[in-house]
Amino acid sequence: MINWIFFLLITVTFGKTILLTNDDGWTSTDIRTLYRDLKKAGHDVIMVAPVSQRSGFAGQFVVPTSNKLETDGEFSYVKSGAPAWDYDKQANDTNIWYFNGTPSSVVAFAFEYLLPTKFPDTTVDLVVGGVNQGPNLSPGFYTASGTNAACYSSIYRGYPAISFSGYAYQYNNSFFKDSMDTDDMNPANIYSKLAIDLIEKVLESGLPELTGLNVNFPAAGHLNENCTEPEWVKTRVLNKNIFSQNLQYDTETNTFDVKYSTFQNIETDCKDGDSVCGLDGEFDVYNKQNCQTTISVFTVDNTIDSTTNDKVYSSIEDLF
Ligand SMILES: *[C@@H]1O[C@H](CO)[C@@H](O)[C@H](O)[C@H]1NC(C)=O
Ligand SMILES: *[C@@H]1O[C@H](CO)[C@@H](O)[C@H](O)[C@H]1NC(C)=O
Ligand SMILES: *[C@@H]1O[C@H](CO)[C@@H](O)[C@H](O)[C@H]1NC(C)=O
C-alpha cells in the first residue's frame, strides 16, 4: 500500500518544475532552505530572485541599467562589478540565479530570458514566492508585497502561484550562510516542510485559471516552542479588518513616521451561507497566534460582478 501510494505520488509530480522566487533576495535563509528541501524531496527547481532586498516594492518593474552590478548584492554575496544577472558560482549551482531587478521584473526575466535560453526544454508548472521573512496579510500588505507581486505577475502569464510568508521575526532579513541549518526548531525548516506539503498537493491538482494562494505561517519553533506543527486554516484576504501601512505626523521632527493601522470601515457584502464570507480574515487569524497557518485563495480577475458593474455605469449613464 505504502509503495503504491509512493509510486502514485512520483508519477503525479514527476517531471514537474517549480520556479522559486521572493522579494528578500536570493541570499535569504528562507528561500535557500525551501530550495534545499524541495530538491531533497526530488523536485526540479529553478530559483531566481532579486540580487538585493526588494521587500515592499509591490509590482514595481525595475530592470538593470547596466550589465554589471554597481553596488554589492545583499550580504555582499556577489560584489559590485559582477554581472547584473548570473547563477550561483560559489555554490556551483546553475539552477540558482539572481537578477538585479524587482520581483515583477525577476519573473519576467525568468520567463522571457532565463527559461528560453538556459532551460529551453523546461516548462514551469508552479511558481512559488517565499518563504518571505515577515507576513504578507490583508489587502494592505498583499498589495505592497514584492513576493505577492511575483505571484500575481506569474498568474497573469498563465502560471499558478503560491505566496508563502513567515512570522515577523526578521524584517531585516537573514543571510543563509549564517542561519541555515537542519535544526527542527528553526522556523525556516518548519515553514519549508509545510510549504512542501502544500506545493505537492497543488502540483497534483493544479489551480483554476487566474487563481493563487496566499499563505502565512505563525510563530513556530524557536519563535514559539509550543508550535511545531501548525494546523492549516482556510481564510480570506479581504475582511472587515483591513491591516495596512499608515503614517503619523511627528511634531518633533516635523516629518512623518510609518505606522500600522487596522481600518474597519469596509463592510464586506456577505450573503447568508456564502462560503467565502464565512471564512475568517487571514489577518484576524494570524493576529491571534494560535499556531495556525492561514491559507487564502485569491484571484487576479479584475473584472467585477454584473450587479456592481451595472450600478456604476448607470450612475454615469449620461456619458454614454
Ligand atoms: C561544477 O558543477 C559541474 C556540474 O555538476 C561539475 O562538472 C564541475 O566540476 C563543478 N565545478 C566545481 C568547481 O566544483
Ligand atoms: C536586524 O538584525 C539584527 C541582527 O540580527 C538585529 O540586531 C536588529 O535588531 C534587526 N533590526 C530590525 C529592524 O529588525
Ligand atoms: C507554551 O506553553 C506553556 C504551557 O502551556 C506556557 O506556559 C507558555 O507560556 C507557552 N509559550 C508560548 C510562547 O506561548
Side-chain angles (χ1 to χ4, degrees), residues 6-7 9-54 63-64 66-101 103 105-131 150 154 159 164 173-183 186 188-189 191-193 195-196 199-200 203:
F6 187 67
F7 175 75
L9 272 179
I10 294 283
T11 50
V12 168
T13 59
F14 176 76
K16 301 235 166 155
T17 301
I18 296 158
L19 183 74
L20 178 62
T21 189
N22 74 354
D23 68 11
D24 293 321
W26 78 316
T27 53
S28 148
T29 301
D30 285 356
I31 194 172
R32 293 283 180 146
T33 301
L34 184 52
Y35 177 82
R36 175 197 68 193
D37 295 349
L38 279 166
K39 298 275 282 194
K40 209 185 286 169
H43 298 287
D44 291 328
V45 192
I46 298 165
M47 188 191 121
V48 52
V51 73
S52 48
Q53 172 61 265
R54 300 289 199 167
V63 297
S66 142
N67 59 14
K68 297 265 184 268
L69 295 180
E70 277 148 26
T71 53
D72 287 3
E74 193 79 5
F75 303 116
S76 295
Y77 189 62
V78 281
K79 302 277 193 286
S80 175
W85 58 91
D86 207 349
Y87 72 93
D88 190 338
K89 290 195 167 130
Q90 291 184 51
N92 191 27
D93 189 335
T94 53
N95 277 44
I96 300 181
W97 284 73
Y98 68 86
F99 179 68
N100 186 17
S105 70
V106 164
V107 163
F109 166 77
F111 286 113
E112 305 301 330
Y113 178 81
L114 187 61
L115 287 153
T117 60
K118 310 290 183 190
F119 304 89
D121 301 322
T122 298
T123 311
V124 169
D125 297 290
L126 179 67
V127 176
V128 172
V131 175
S154 301
Y159 299 91
F164 291 101
N173 211 353
S174 74
F175 184 32
F176 79 98
K177 290 271 183 186
D178 296 337
S179 315
M180 237 169 108
D181 57 35
T182 52
D183 173 3
N186 181 342
N189 296 333
Y191 296 160
S192 168
K193 186 168 171 291
I196 292 172
I199 287 167
E200 289 180 347
L203 281 177

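Whatever order the structure lists them in is the order used to number ligands and atoms, beginning at 1. Note: hydrogens, waters and symmetry copies are ignored here, and every other heavy atom, side chains too, is used. Along the sequence shown, residues carry numbers from 1.
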Residues forming a ring pair (Phe, Tyr, Trp, His ring centres under 6.0 Å) with Tyr87, sequence neighbours excluded
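Once residues adjacent in sequence are excluded, Tyr87 has no partner under the ring pair (Phe, Tyr, Trp, His ring centres under 6.0 Å) criterion.
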
Which residues satisfy the ring pair (Phe, Tyr, Trp, His ring centres under 6.0 Å) test with Tyr98, sequence neighbours excluded?
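Expected list: Trp26.
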
Is it true that Asp93 and Arg32 have a side-chain N and a carboxylate O under 4.0 angstrom from each other?
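Arg32 and Asp93: not salt-bridged.
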
Any protein heavy atom < 4.0 Å from [atom]:
atom	value
atom 11 (N) of ligand 1	yes
atom 14 (O) of ligand 1	yes
atom 7 (O) of ligand 1	no
atom 4 (C) of ligand 1	no

Considering Thr94, Asn92, Asp93 one by one, which has a heavy atom nearer to atom 2 (O) of ligand 1 than any of the others?
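Looking at heavy atoms only, Asn92 sits closest to atom 2 (O) of ligand 1.
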
Looking at Phe111, Tyr159, Phe119, which one forms a side chain to side chain contact (heavy atoms under 4.5 Å, CB included) with Leu19?
Phe111

Among Ile31, Val131, Val106, which one satisfies side chain to side chain contact (heavy atoms under 4.5 Å, CB included) with Asn22?
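When side chain to side chain contact (heavy atoms under 4.5 Å, CB included) is applied between Asn22 and each of Ile31, Val131, Val106, only Ile31 qualifies.
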
